[in-house]
Amino acid sequence: MIEDFIKNYLNHPKTYDEMFLNSDRYRDHYSNFINNFSKESLDNLNKKEELAKKLFMSQGITFTVYDSGEGIEKIFPFDIIPRIITSTEWSFIEKGIKQRLKALNLFLKDIYSNQFILKDQIVPINVIYSCPHFLREMHNVNVLHDIYIHIAGIDLIRDHDGTFYVLEDNLRTPSGVSYMLENREITKRLFPDLIPQCGVRSVTEYPAILYKNLMSLSPRAVSNPTIVLLSPGMYNSAYYEHTTLARLMGVELVEGRDLVVKNQKVFMKTTTGLQQVDVIYRRVDDDYLDPLVFNPNSVLGVAGLMGAYRKGNVAIINAIGNGVADDKAVYTYVPDMIRYYLNEEPILKNVPTYQLSNKDELDYVFANINTMVIKKTNGSGGYGMLMGHAASEQETEEYKIEVLKDPRNFIAQPTISLSSAPCFINGKLAPRRIDLRPFALNGPDGISIVPGGLTRVALKEGSLVVNSSQGGGSKDTWVLTS
């Protein structure tokens, strides 16, 4: 049966395929999987795909799409064919992410204190001061252990030659890790023997590592610090993830109304009275955290929280103000940060990026717009992008007008093909474009990255947009033992 799959598999031209070298040969590291997978009948695979959908629905593994102001809860599409990464490739990815995070963390400490990188003109002052996520309120705040980025989701893609590139850094409240964990659990149910037979490394330690890091970040020297996960509530698109992580770590899931600040300390309301909170793993954006300092209309945060944070009475994970480091205009300078702070050459490459606030670069991008992807510097979820090769002339002209209103808010990148991977669609193997979001955890003992991550899939044929909000799905990510 697998021979039929291979024979009918149509590789995208000029695209790196994760499984297939060409139309009749697959890559060596997939051989163990294919040998076992080939024993499955088509009928059995269809049943497994149906079972996966039922498991996702019954366990409430969903996300929310906001359309016309209404929140629509959807099952997160899951593809049953895993994406497999060799131990050598993973070692390279791991080193690259650790290097990048070290530099970005040093950048955040610097930018909120001495600003040496601005004085030495490595990063232009106007790029930082015009960033809406650069928070002057964080200047000279003493951040425990000097760790600003405790949790990062770094988006990686592969070009046509197999080279890994960092597409973006998610350093504020990165999401998706619960889907990585659930994908593995579902795969174990569907193919119980495959994971041990193929020598796949485990990802299930993630909640334990995160919990250990959160414990170690308590500003109070107590044996059992109080840790809470602060969620915006059930209408947030990632609420399923908030509940999952709180449950797996055994910490309280709270909303802003459950917390109160007294004498510059944070307390949780309980049936037995107020209990002091030491560590807040927040999934609420900066602007909504403290109505006394940021958005005065916010009901999601806690009045006085910033004062308790400044005083060092509570740890907030990730640090407030991290958005300046994952702004897409600042992304351009990360390789320079690595050279400046670490005196090393970047291991992972950036995608070539054009700053549209620069007149020459703007002119070049507009002249070559059919080969460009233009994004908002602080956009997310795949919204507000222009895919030059797929846009109509009218869409292009309208987008140009938007860019010219405030060019600082946009960057452009050449269209990168994204690698493809086989997906089980309508009883056949079909190539779909993918990316990879590994999750890195940074604590006092250093950076840990569980071997795997969330492989997102552009399920629409021909699409390069992997975001779940734009019709994307995901698949289990296997990192093989050496």
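The shown structure was predicted, so the numbers you read here are calculated from the model rather than taken from an experiment.
For residues 352-367, every residue pair satisfying the salt bridge (Lys or Arg N to Asp or Glu O under 4.0 Å) rule, not counting sequence neighbours, is listed here: Lys359-Asp363. Sorted by first and then second residue, the pairs that involve residues 110-136 and meet ring-ring contact (aromatic ring centres under 6.0 Å, His included), not counting sequence neighbours, are Tyr112-Phe134, Tyr129-Phe134. Residues in residues 393-420 take part in these ring-ring contact (aromatic ring centres under 6.0 Å, His included) pairs, two or more places apart or across chains: Tyr399-Phe410. Among pairs with a residue in residues 136-157, those fulfilling salt bridge (Lys or Arg N to Asp or Glu O under 4.0 Å) read Lys109-Asp146, Asp155-Arg437, Asp155-Arg456, at least two apart in sequence or across chains. Evaluation of the salt bridge (Lys or Arg N to Asp or Glu O under 4.0 Å) test over residues 314-326, restricted to residues two or more places apart or in two chains, returns Arg172-Asp326.
No donor-acceptor pair closer than 3.5 Å links the side chain of Asp278 to the backbone N or O of Pro219. Remark: side-chain polar atoms of Asn295 are not paired, donor with acceptor, to backbone N or O of Asp287 under 3.5 angstrom. Asp110 places a side-chain N or O within 3.5 Å of a backbone atom of Ile117 that can act as its donor or acceptor partner. Without hydrogens or angle criteria, Glu241 side chain to Gly176 main chain gives a donor-acceptor distance under 3.5 Å. Remark: the backbone N or O of Val127 is paired with a side-chain donor or acceptor of Arg408 at under 3.5 angstrom. Formation of a donor-acceptor pair under 3.5 Å by the Ser417 side chain with backbone atoms of Thr15 is not found in this model. Between the side chain of Lys475 and the main chain of Ile81, a donor-acceptor pair closer than 3.5 Å is present. Between the side chain of Ser357 and the backbone N or O of Pro407, no donor-acceptor pair lies under 3.5 Å. Side chain of Glu344 to backbone of Gln99: no donor-acceptor contact under 3.5 angstrom is found. A side-chain donor-acceptor contact under 3.5 Å links Asp258 to the backbone of Glu255.
The minimum heavy-atom distance linking Asn318 with Tyr148 is given by the pair CB-O, 3.9 Å. Scanning all heavy atoms of the two residues, the minimum distance from Pro77 to Leu459 falls at CB-CD1, 3.4 Å. Residue Ile80 comes nearest to Glu49 through the heavy atom pair CG2-CA, 4.0 Å, listed as atom of the first residue, atom of the second, then distance. Taking every heavy atom of both residues into account, Gly443 and Ile147 meet most closely at C-CD1, 3.4 Å. Heavy atoms only, all atoms of each residue included: Ile425 and Arg432 are closest at CD1-NE, 3.6 Å.
Cation-pi geometry between Lys102 and Tyr341 is not satisfied (NZ or CZ under 6.0 Å from the ring centre, within 45° of the ring normal).
Take Val479 and apply the side-chain contact (heavy atoms from CB on, under 4.5 Å) test, not counting sequence neighbours, and it matches Ile85, Trp90, Arg201, Pro451. For Asn368, there are no side-chain hydrogen bond (donor to acceptor under 3.5 Å, both in side chains) partners, not counting sequence neighbours. Residues satisfying the side-chain hydrogen bond (donor to acceptor under 3.5 Å, both in side chains) criterion with Glu345, sequence neighbours excluded, are Arg339. By the side-chain hydrogen bond (donor to acceptor under 3.5 Å, both in side chains) test, Asn140 is found to be paired with no residue, residues two or more places apart in sequence or in another chain being considered. Lys349 pairs by the salt bridge (charged side-chain N to carboxylate O under 4.0 Å, His left out) definition with nothing, not counting sequence neighbours. Residues satisfying the side-chain hydrogen bond (donor to acceptor under 3.5 Å, both in side chains) test with Glu94, not counting sequence neighbours, are none.
We find that Asp445 and Lys212 are joined by a salt bridge, their nearest charged nitrogen and carboxylate oxygen being less than 4.0 Å apart. Taking the charged nitrogens against the carboxylate oxygens, Lys328 and Glu168 do have a contact shorter than 4.0 Å, which makes a salt bridge.
Between Leu101 and the choices Leu171, Asp169, Leu441, the side chain to side chain contact (heavy atoms under 4.5 Å, CB included) rule is met once, by Leu171.
Applying the 6.0 Å contact sphere to NZ of Lys119 captures more than 12 heavy atoms from other residues, nucleotides or ligands. More than 12 heavy atoms of other residues, nucleotides or ligands lie within 6.0 Å of CD in Glu89, so this atom counts as buried by the packing criterion.
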Tabulate below the donor-acceptor pairs under 3.5 Å that side-chain atoms of residues 298-310 make, not counting sequence neighbours, or state none.
unit_1	atom_1	unit_2	atom_2	d
Ser298	OG	Tyr288	O	2.8
Ser298	OG	Leu300	N	3.2

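Under the 4.5 Å side-chain criterion, counting only non-hydrogen atoms from C-beta, Leu118 is in contact with Val123.
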